[in-house]
Amino acid sequence: MQIKRKRARVCVYILLIVLILGIFFLVYRQSRAKTIVSNSNNNRSSLAVALSKQTNLDMQTQSLYSEKINTLNKNLIKDHFIGAYVGVRNNDILFSHGFGSINAANSNNFRFDSRLYVGNFQDVLDTTMLIALYNQNKVKLSEKVTDILPEFSADSSLTIYDLIVSNFSVYVNKNNLTPTAKSFSKGKHSSSIQANRLLREIVMEKVMHQNYEKLL
C-alpha cells in the first residue's frame, strides 16, 4: 500500500514538473515572438523615420557607389528618363536621385514624400512610345490620325497630341476580336467597349511598319 502511494506521489511530481516546464516553454516562445515582431517594427519604422526626415532626393552617403551612380545618372539623363530611385540597405538610405519634375505644371522636383498617381501601366507605356516617336520626328503633335490612318472615320479632328494626353474616347464592338481602323466609333453603345489603347497601338504600328509586339 505504501509502495503504491509512493508511486502515485512520484507520478504527481513528474506531472507537475512537466507542467511547469511546459508553461515556462510557452511563456518563452511568446516572449521571443514579441521580441522578433518588435524588432521588425523598429526596423520598418527606422526607415520610415529616415524617409520622413530626408525629404529631398539627390543624396549619397557612401563614396563606394559614387562612380557607378554618376555613370547611371548620365545614362538616365541621356535617355531622357523622368522619375526617381532610392538605394536602401539594412534600412539605411545609401543614395537617391530624381530626374525631371513630379508635376510639370508647377515644376516641383521629386522628393521622398512625393505622391504619384499610378494608373494602367500599358497606357503609360503606349504614351511614352508615342512621345519617343515625336522626339524621333516620326510624327508631329498636330498631325491628324486620319493622315496616318485614312480609313479612320470616328473623329476626323483627332491628333497625335490628343492620343498622348488622352483627350479622346473611341469605342469598338466588344465581339470584334480583330478590329481595324474602320472599326472605331465615337459613340458608346451597349455592345461596345472603350478602345483608346487599341487606337494608339494601331497608329504606332502604321507609323513604324511593325507589329506592336515588336515595338515593345
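Just so it is clear, the values below take in all heavy atoms, side chains as well, and ignore hydrogens, waters and symmetry mates. Predicted, not measured: the structure shown is a model, and the values here were computed from it.
- In this view, Lys182 satisfies the salt bridge (Lys or Arg N to Asp or Glu O under 4.0 Å) rule with no residue, not counting sequence neighbours.
- Contact check for Tyr212 versus Asp126: side-chain heavy atoms found under the 4.5 Å cut-off.
- Counting heavy atoms from C-beta outward, Leu130 and Met204 have side chains that approach closer than 4.5 Å.
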Decide side chain to side chain contact (heavy atoms under 4.5 Å, CB included) for Gln194 and Ser169; before the verdict, give the C-alpha distance in whole Å, the side-chain angles of both, and the deciding distance to 0.1 Å. CA-CA 7 Å; Gln194 192 178 66; Ser169 292; 3.4 Å; yes
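- Between atom NZ of residue Lys138 and atom CG of residue Asn135 there is a gap of 12.0 Å, rounded to the nearest 0.5 Å.
- Of all the heavy atoms in Ile193 and Lys174, the pair that sits closest is CG2-CB, 3.7 Å.
- For the ring pair (Phe, Tyr, Trp, His ring centres under 6.0 Å) test, no residue two or more places apart in sequence or in another chain qualifies with Tyr134.
- Summarising the geometry of Leu199 relative to Phe168, their closest heavy-atom pair is CD2-CE1, 4.0 Å, with the distance given to 0.1 Å.
- Between atom CD1 of residue Ile131 and atom CD of residue Gln136 there is a gap of 12.0 Å, rounded to the nearest 0.5 Å.
- Checked against side chain to side chain contact (heavy atoms under 4.5 Å, CB included), Ser183 has the following partners two or more places apart in sequence or in another chain: Val172, Asn176, Pro179, Thr180.
- In this structure the side chain of Val86 never reaches within 4.5 angstrom of the side chain of Phe95, judged on heavy atoms.
- Between Leu149 atom CG and Lys206 atom NZ the span is 7.0 Å, to the nearest 0.5 Å.
- Proximity of Glu143 to Ile148: side-chain heavy atoms (C-beta onward) are separated by under 4.5 Å at one or more points.
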Going through the distances and angles, do Lys186 and Val170 end up as a side chain to side chain contact (heavy atoms under 4.5 Å, CB included)? CA-CA 5 Å; Lys186 195 171 183 179; Val170 292; 5.6 Å; no
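- In terms of heavy atoms, Gly187 sits closest to Ser192 at O-OG, 4.5 Å.
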Using a 3.5 Å cut-off and no angle test, enumerate the donor-acceptor pairs between side-chain atoms of residues 150-166 and protein atoms at least two apart in sequence or in another chain.
{"from": "Asp155", "atom 1": "OD1", "to": "Ser157", "atom 2": "N", "distance (Å)": "3.1"}
{"from": "Asp155", "atom 1": "OD1", "to": "Ser157", "atom 2": "OG", "distance (Å)": "2.8"}
{"from": "Thr159", "atom 1": "OG1", "to": "Tyr161", "atom 2": "N", "distance (Å)": "3.4"}
{"from": "Thr159", "atom 1": "OG1", "to": "Asp162", "atom 2": "N", "distance (Å)": "3.3"}
{"from": "Thr159", "atom 1": "OG1", "to": "Asp162", "atom 2": "OD2", "distance (Å)": "3.1"}
{"from": "Asp162", "atom 1": "OD1", "to": "Asn167", "atom 2": "ND2", "distance (Å)": "3.4"}
{"from": "Asp162", "atom 1": "OD2", "to": "Thr159", "atom 2": "N", "distance (Å)": "3.0"}
{"from": "Ser166", "atom 1": "OG", "to": "Arg200", "atom 2": "NH2", "distance (Å)": "2.6"}

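- Using a distance-only test at 3.5 Å, with no hydrogens or angles considered, no donor-acceptor pair links the side chain of Glu205 to the main chain of Asn211.
- Between the side chains of Tyr171 and Asn196, no donor-acceptor pair is found at a separation under 3.5 Å.
- Applying the salt bridge (charged side-chain N to carboxylate O under 4.0 Å, His left out) test to pairs two or more places apart or on separate chains, none has a residue in residues 164-173.
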Run the side chain to side chain contact (heavy atoms under 4.5 Å, CB included) check on Leu133 and Met208 step by step: do they pass? CA-CA 9 Å; Leu133 292 180; Met208 298 302 295; 3.3 Å; yes
In sequence, state the C-alpha distance, the side-chain angles, and the governing distance for Phe184 and Ile202, and then conclude on side chain to side chain contact (heavy atoms under 4.5 Å, CB included). CA-CA 11 Å; Phe184 292 92; Ile202 292 177; 3.7 Å; yes
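- Below 30°, between 30° and 60°, or above 60°: for Tyr85 and Phe99 the angle between ring planes is between 30° and 60°, a tilted geometry.
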